[in-house]
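Heads up, the thing below is written out as structure tokens.
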Amino acid sequence: MTVTSAQTPIATPGADEVSVPAAPSPKPFAFGDAWKLNNVDPAKPFEGNLTVLGYEQGFTSVGKASEEAGAPGYVWAYTELRLCGVKGSYTDNTTSWTLYYSDGSRISPSSSTYSDFPKPEFPFEVTVTAGKCARGKLVFPVPGDKRPESVLYKPEGLEEPREWSVPKA
């Protein structure tokens, strides 16, 4: 994925340095808001959209979240995702996703897939093409006494992650 910028520094006569203000970070999306993906690489152009539909914390499973996390007090949570193609094709995987907490900690998706995890599960790796979507739930082991601040998406090649705010419980 390539992100382009139209900002060009302009020299001021008599100035020794050119100051270019940093581009503002994208504002967090709300659940259900779609981010429009646009890969401008001419070798693999793609247009599509991606959204986080929801977040649930505290479901039970045959596997224990505390065992996967290696620490007591962890529970299972999931976020529901949807990725759709409009033009071209795009391949993504679950490693592009993390949960972000206000203390700066981040949690990656579970490496397990138990048969009683909420369905449908978001595919570990998926390719979408024009007119097709992938939708499902991605599970995380999370601290039971905390709630994430946001869901982050940062695939390889994207300079800044895209962020969806998690509503208060």
Side-chain angles (χ1 to χ4, degrees), residues 1 3 25-39 46-86 88-169:
M1 180 169 316
V3 178
S25 293
K27 291 185 179 182
F29 294 106
F31 285 172
D33 290 348
W35 172 53
K36 296 189 184 316
L37 288 92
N38 186 19
N39 186 359
F46 175 76
E47 290 177 26
N49 57 72
L50 179 67
T51 190
V52 176
L53 300 169
Y55 175 83
E56 294 291 329
Q57 182 169 319
F59 71 88
T60 58
S61 173
V62 295
K64 304 288 184 219
S66 291
E67 288 176 10
E68 180 162 333
Y74 276 66
V75 299
W76 292 118
Y78 70 81
T79 187
E80 188 167 0
L81 312 170
R82 183 178 61 219
L83 169 65
C84 295
V86 174
S89 69
Y90 180 70
T91 300
D92 194 22
N93 63 58
T94 58
T95 62
S96 299
W97 295 94
T98 56
L99 297 178
Y100 175 80
Y101 289 79
S102 60
D103 65 2
S105 59
R106 295 179 188 216
I107 295 182
S108 297
S110 173
S111 59
S112 304
T113 52
Y114 294 106
S115 62
D116 61 346
F117 273 0
K119 306 289 188 246
E121 290 182 53
F122 193 79
F124 174 75
E125 184 171 287
V126 64
T127 300
V128 294
T129 56
K132 302 292 182 196
C133 295
R135 180 177 176 166
K137 296 169 176 83
L138 183 58
V139 174
F140 297 80
V142 300
D145 61 347
K146 291 184 184 179
R147 189 163 173 91
E149 186 175 288
S150 58
V151 179
L152 299 179
Y153 176 73
K154 186 174 181 323
E156 194 173 312
L158 184 64
E159 288 184 28
E160 277 195 59
R162 294 304 178 257
E163 180 176 9
W164 283 261
S165 295
V166 175
K168 305 285 184 219

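Atom set for the values below is all heavy atoms of this structure, side chains included, hydrogens, waters and symmetry mates excluded. Quick caveat, the model's predicted, so the values are computed rather than measured.
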- What pair of heavy atoms forms the shortest contact from Val139 to Pro118, and how long is it? CG2-CD, 4.2 Å
- To the nearest 0.5 Å, atom OG of Ser89 lies from atom CG of Asn39 at 9.5 Å
- Task: Mind checking the OG-NZ spacing from Ser96 to Lys154? Nearest 0.5 Å is all I need.
- Result: 9.0 Å
- Task: Compare all side-chain heavy atoms of Pro120 with those of Lys137 and state whether any distance is below 4.5 angstrom.
- Result: yes
- Message: Please evaluate residues Phe140 and Thr79 with respect to the criterion side chain to side chain contact (heavy atoms under 4.5 Å, CB included), reporting the C-alpha separation (whole Å), side-chain torsions for both, the decisive distance (0.1 Å), and the verdict.
- Response: CA-CA 8 Å; Phe140 297 80; Thr79 187; 3.6 Å; yes
- Note on the structure: Sorted by chain and number, sequence neighbours left out, side chain to side chain donor-acceptor pair (under 3.5 Å) with Ser61 holds for Asp116
- Please step through side chain to side chain contact (heavy atoms under 4.5 Å, CB included) for the pair Leu152 and Arg106, ending with a clear verdict. CA-CA 9 Å; Leu152 299 179; Arg106 295 179 188 216; 3.2 Å; yes
- Locate the shortest heavy-atom distance separating Pro28 from Ser165; write the atom from each residue and the value. CB-OG, 3.3 Å
- Message: Do Tyr90 and Leu83 have side chains that approach each other closer than 4.5 Å (heavy atoms only, starting at C-beta)?
- Response: yes
- Message: Quick one, Leu37 and Phe46 - any side-chain contact, counting heavy atoms below 4.5 Å?
- Response: yes
- Minimal heavy-atom distance between Glu160 and Arg162, with the atoms involved, is O-NH1, 3.0 Å
- Message: Could you tell me if the side chain of Gln57 sits less than 4.5 Å from the side chain of Val142, heavy atoms only?
- Response: yes
- Message: Using the rule given for side chain to side chain contact (heavy atoms under 4.5 Å, CB included), can you reason through Ile107 versus Tyr101, listing the C-alpha separation, both sets of side-chain angles and the distance that settles it, and then say yes or no?
- Response: CA-CA 8 Å; Ile107 295 182; Tyr101 289 79; 3.6 Å; yes
- Message: If I compare all heavy atoms of Pro141 with all of Ser108, which pair ends up nearest, and what's the gap?
- Response: CD-O, 3.9 Å
- Message: Can a donor-acceptor pair be found, under 3.5 Å and without considering hydrogens, that links the side chain of Lys119 to the backbone of Phe117?
- Response: yes
- Of the non-hydrogen atoms in Asp92 and Pro155, which two are nearest, and what is the gap between them? OD1-CB, 4.3 Å
- Message: Quick check against the 3.5 Å criterion: does Arg147 have a side-chain atom that pairs as donor or acceptor with the backbone of Pro167?
- Response: yes
- Thr129 meets the side chain to side chain donor-acceptor pair (under 3.5 Å) criterion, sequence neighbours left out, with none
- Query: When you check the side-chain N and O atoms of Ser110 and Glu68, is any donor under 3.5 Å from an acceptor?
  - Reply: yes
- Do Glu80 and Arg135 sit within salt-bridge range, that is, some charged N less than 4.0 Å from a carboxylate O? yes
- Message: Rounded to the nearest 0.5 Å, what separates atom CG in Asn93 from atom CZ in Phe124?
- Response: 5.5 Å
- Non-neighbouring partners of Phe31 that pass ring-ring contact (aromatic ring centres under 6.0 Å, His included), sequence neighbours left out: none
- Query: Should the pair Trp97 and Tyr153 be assigned to parallel (<30°), tilted (30 to 60°) or perpendicular (>60°) ring geometry?
  - Reply: tilted
- Look up atom CG in Leu138 and atom OG1 in Thr113, then write down how far apart they are to the nearest 0.5 Å. 11.5 Å
- Task: Taking the side chain as every heavy atom from C-beta outward, state whether Val126 and Thr91 have any atom pair closer than 4.5 Å.
- Result: no
- Could you grab the distance from atom CD of Glu125 to atom OG1 of Thr94, nearest 0.5 Å is fine? 9.0 Å
- Query: Using the benzene-type ring in the case of Trp, are the ring centres of Trp164 and Tyr55 under 6.0 Å apart?
  - Reply: no
- Query: Looking only at heavy atoms, what is the nearest atom pair of Asp103 and Lys146, with distance?
  - Reply: OD2-NZ, 2.7 Å
- Point-to-point distance, once rounded to the nearest 0.5 Å, from CG of Leu81 to CG of Leu53: 7.5 Å
